[in-house]
Amino acid sequence: MIRRAFFARSVHEVAPDLIGVTLLVDGVGGPIVEVEAYDATDPASHAFRGRTPRNAVMFGPPGYTYVYRSYGIHWCLNLVCEPEGTAAAALIRAIEPVYGIERMQERRRTDDPRLLASGPGRLCQALAVTGDDDGLPLDRPPFELRARTRQPAIAAAPRIGITRAADYPWRYVLAGSRFLSRALPRA
DNA sequence: CAGTGGATGCTCT
DNA sequence: GAGCATCCACTGT
């Protein structure tokens, strides 16, 4: 079980520590394999220009969800990090589908395991996360986070799909996972 | 495979 | 009115 104190640290510590943590929503989910960090000094962060109605929960206490709509169609799930008042969050970009696979297949309309929850929009569709889940505590249902039991091999790379601060290596992935939203860039 | 463009809605300038 | 922390279908090799 992951406690709130886990999130009350620098997002640059929390984000890699989330790799291998099992994320469940109503029992559906699996281990996190891809995360991106967004901190308060980050021009790519929604919170960079200050508090607005959309990003308000990023300025609140850690250990809560921040869910926003992307490109008018998709939802994206973040976990709020760092002490209250410091706006930072970790974007969950991919999990390995393990629990409730049938429900993910119904919601995603595909049987291809690599298309179920690889990508932030797909992940939210597979886990039925929407704007209704914005600002919910992560230590209460429907959410459940299970600590990893072994230290995974973690790789860092530039983040995906952003134009500002595109060179910061703040994307963390489970090295060698087949369930990343995109392959790691070649070294 | 790679590359392109459309869908779609909301936030902030 | 522009710009997205995306995904999918479609094109052409």
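Numbered from 1 within each chain, the chains take letters A, B, ... in sequence-line order.
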K.L.:
Using the 3.5 Å cut-off, write out each protein N or O paired with an N or O of nucleotides 11-13 of chain B and the distance between them.
P.N.:
{"from": "B/dC12", "atom 1": "OP1", "to": "A/Thr52", "atom 2": "OG1", "distance (Å)": "2.1"}

K.L.:
Rounding to a whole Å, what distance do you find between A/Asn78:CG and C/dA5:P?
P.N.:
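Interatomic distance, CG of A/Asn78 to P of C/dA5: 11 Å.
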K.L.:
Do the numbers put A/Arg146 on top of the ring of A/Tyr99, so that NZ or CZ is under 6.0 Å from the six-membered ring centre and no more than 45° off the axis?
P.N.:
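Pair A/Arg146/A/Tyr99 counts as cation-pi.
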K.L.:
So A/Ile2 and A/Leu18, do their side chains get closer than 4.5 Å, heavy atoms only?
P.N.:
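Sidechains of A/Ile2 and A/Leu18: no contact.
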K.L.:
Examine C/dT6: is either OP1 or OP2 under 4.0 Å from a nitrogen or oxygen in the side chain of A/Arg93? Give yes or no.
P.N.:
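Answer yes for this pair, as a side-chain N or O of A/Arg93 is under 4.0 Å from OP1 or OP2.
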K.L.:
Output the rounded distance in Å from CG (A/Leu79) to P (C/dA5).
P.N.:
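After rounding, the reported distance stands at 18 Å.
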K.L.:
Should A/Phe143 and A/Leu24 be counted in the same cluster of Ile, Leu, Val, Met, Phe, Trp and Tyr side chains packed under 4.5 Å apart?
P.N.:
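Different hydrophobic clusters.
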K.L.:
For the backbone of A/Pro43 and the side chain of A/Arg164, can you confirm whether one donor and one acceptor N or O come within less than 3.5 Å of each other?
P.N.:
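It does hold such a pair.
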K.L.:
For A/Glu96, give me all partners under salt bridge (charged side-chain N to carboxylate O under 4.0 Å, His left out), at least two apart in sequence or on another chain.
P.N.:
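With sequence neighbours excluded, A/Glu96 shows a salt bridge (charged side-chain N to carboxylate O under 4.0 Å, His left out) to no residue whatsoever.
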K.L.:
Take atom CG of A/Asp42 and atom P of C/dC4, then tell me their distance rounded to the nearest Å.
P.N.:
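Checked: the CG to P distance equals 14 Å.
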K.L.:
Any chance CZ of A/Arg103 has more than 12 other-residue heavy atoms, nucleotides or ligands included, within less than 6.0 Å?
P.N.:
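12 or below, so no.
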K.L.:
Roughly how many Å is it from OH in A/Tyr71 to C1' in B/dT8, rounded to a whole number?
P.N.:
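In whole Å, B/dT8 C1' lies 12 Å from A/Tyr71 OH.
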K.L.:
Look at the side chain of A/Tyr68 and the base of C/dA5, then say whether one donor and one acceptor between them are separated by less than 3.5 Å.
P.N.:
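Yes, the side chain and the base share a sub-3.5 Å donor-acceptor pair.
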K.L.:
Which residues in residues 28-39 of chain A have a heavy atom closer than 4.0 Å to any atom of DNA chain C?
P.N.:
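Under 4.0 Å from DNA chain C: A/Tyr38.
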K.L.:
Carefully, step by step, assess A/Val173 and A/Ile154 under the rule side chain to side chain contact (heavy atoms under 4.5 Å, CB included).
P.N.:
CA-CA 6 Å; A/Val173 307; A/Ile154 298 169; over 6 Å; no
K.L.:
Which residues satisfy the salt bridge (charged side-chain N to carboxylate O under 4.0 Å, His left out) test with A/Arg54, sequence neighbours excluded?
P.N.:
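By the salt bridge (charged side-chain N to carboxylate O under 4.0 Å, His left out) rule, A/Arg54 matches no residue at all.
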K.L.:
Taking side-chain hydrogen bond (donor to acceptor under 3.5 Å, both in side chains) as the definition, give me every residue that meets it alongside A/Thr86, ordered by chain and number, with sequence neighbours left out.
P.N.:
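Residues passing side-chain hydrogen bond (donor to acceptor under 3.5 Å, both in side chains) with A/Thr86: none at all.
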K.L.:
Which residues satisfy the salt bridge (charged side-chain N to carboxylate O under 4.0 Å, His left out) test with A/Asp17, sequence neighbours excluded?
P.N.:
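With neighbours one apart ignored, the set is A/Arg9, A/Arg148.
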K.L.:
Could you identify which residues cluster with A/Leu91, counting Ile, Leu, Val, Met, Phe, Trp and Tyr as linked when any side-chain heavy atoms lie under 4.5 Å apart, either directly or through a chain of such contacts?
P.N.:
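Taking Ile, Leu, Val, Met, Phe, Trp and Tyr as members, A/Leu91 shares its hydrophobic cluster with A/Tyr38, A/Val57, A/Met58, A/Phe59, A/Tyr66, A/Tyr68, A/Val80, A/Ile162.
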K.L.:
With a 4.5 Å cut-off on side-chain heavy atoms, are A/Val67 and A/Asn78 touching?
P.N.:
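No; the side chains remain at least 4.5 Å from each other.
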K.L.:
Listing time: all N or O pairs from protein to nucleotides 8-11 of chain C that are below 3.5 Å?
P.N.:
{"from": "C/dC8", "atom 1": "OP1", "to": "A/Arg108", "atom 2": "NH1", "distance (Å)": "3.1"}
{"from": "C/dC8", "atom 1": "OP1", "to": "A/Arg108", "atom 2": "NH2", "distance (Å)": "2.9"}
{"from": "C/dC8", "atom 1": "OP2", "to": "A/Arg122", "atom 2": "NE", "distance (Å)": "2.8"}
{"from": "C/dC8", "atom 1": "OP2", "to": "A/Arg122", "atom 2": "NH2", "distance (Å)": "2.6"}

K.L.:
Rounding to a whole Å, what distance do you find between A/Ile160:CD1 and C/dC4:P?
P.N.:
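Spelled out: CD1 on A/Ile160 to P on C/dC4 is 17 Å.
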K.L.:
Which side chain to side chain donor-acceptor pair (under 3.5 Å) pairs, counting each pair once, include a residue from residues 108-124 of chain A, with sequence neighbours left out?
P.N.:
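For residues 108-124 of chain A: A/Arg108-A/Gln125.
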K.L.:
Pairs counted only when both distances fall under 3.5 Å, Watson-Crick or G-U: show me the 5' to 3' dot-bracket for DNA chain C, [ ] for pseudoknotted crossings and | for other-strand partners.
P.N.:
||||.|||||||.
K.L.:
Taking the P atom in each of B/dG6 and C/dA2, what is the distance between them to the nearest angstrom?
P.N.:
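Between the two P atoms, the distance is 16 Å.
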K.L.:
Counting just side-chain N and O atoms, does A/Thr163 come under 4.0 Å of either OP1 or OP2 of C/dC4?
P.N.:
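Checking A/Thr163 against C/dC4: at least one side-chain N or O falls below 4.0 Å of OP1 or OP2.
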K.L.:
Side-chain heavy atoms nearer than 4.5 Å, only ILVMFWY residues, links allowed to pass through others: does that put A/Val35 and A/Leu184 together?
P.N.:
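Same cluster.
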K.L.:
Using whole Å, report how far CZ of A/Phe48 lies from C1' of C/dG3.
P.N.:
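Going from CZ in A/Phe48 over to C1' in C/dG3 covers 17 Å.
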K.L.:
Students often get this wrong, so: under 4.0 angstrom with heavy atoms, is A/Ser181 touching a base, only sugar-phosphate, or nothing?
P.N.:
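The answer is nothing, as A/Ser181 stays clear of every strand by at least 4.0 Å.
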K.L.:
Check the distance between B/dC1's P and A/Arg182's CZ and give it to me in whole angstrom.
P.N.:
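It is 15 Å, rounded to the nearest whole Å.
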K.L.:
List for me each residue that meets salt bridge (charged side-chain N to carboxylate O under 4.0 Å, His left out) alongside A/Arg51, sequence neighbours excluded, and say none if there are none.
P.N.:
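For A/Arg51, no residue satisfies salt bridge (charged side-chain N to carboxylate O under 4.0 Å, His left out) once neighbours in sequence are set aside.
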K.L.:
Closer than 3.5 angstrom, by distance alone: can the side chain of A/Glu34 be matched with the main-chain N or O of A/Ser181 as a donor-acceptor pair?
P.N.:
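Between the backbone of A/Ser181 and the side chain of A/Glu34 there is a qualifying donor-acceptor contact (under 3.5 Å).
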K.L.:
Using a cut-off of strictly less than 4.0 Å between a heavy atom of the residue and any atom of DNA chain C, enumerate the qualifying residues of residues 165-176 of chain A by number.
P.N.:
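Close to the strand, none.
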K.L.:
Under 3.5 Å, is there a donor on one side chain and an acceptor on the other for A/Arg159 and A/Tyr172?
P.N.:
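Short answer, no.
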K.L.:
Can you measure A/Tyr66 atom OH to C/dA5 atom C1' for me and round it to whole angstrom units?
P.N.:
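It works out to 9 Å between those atoms.
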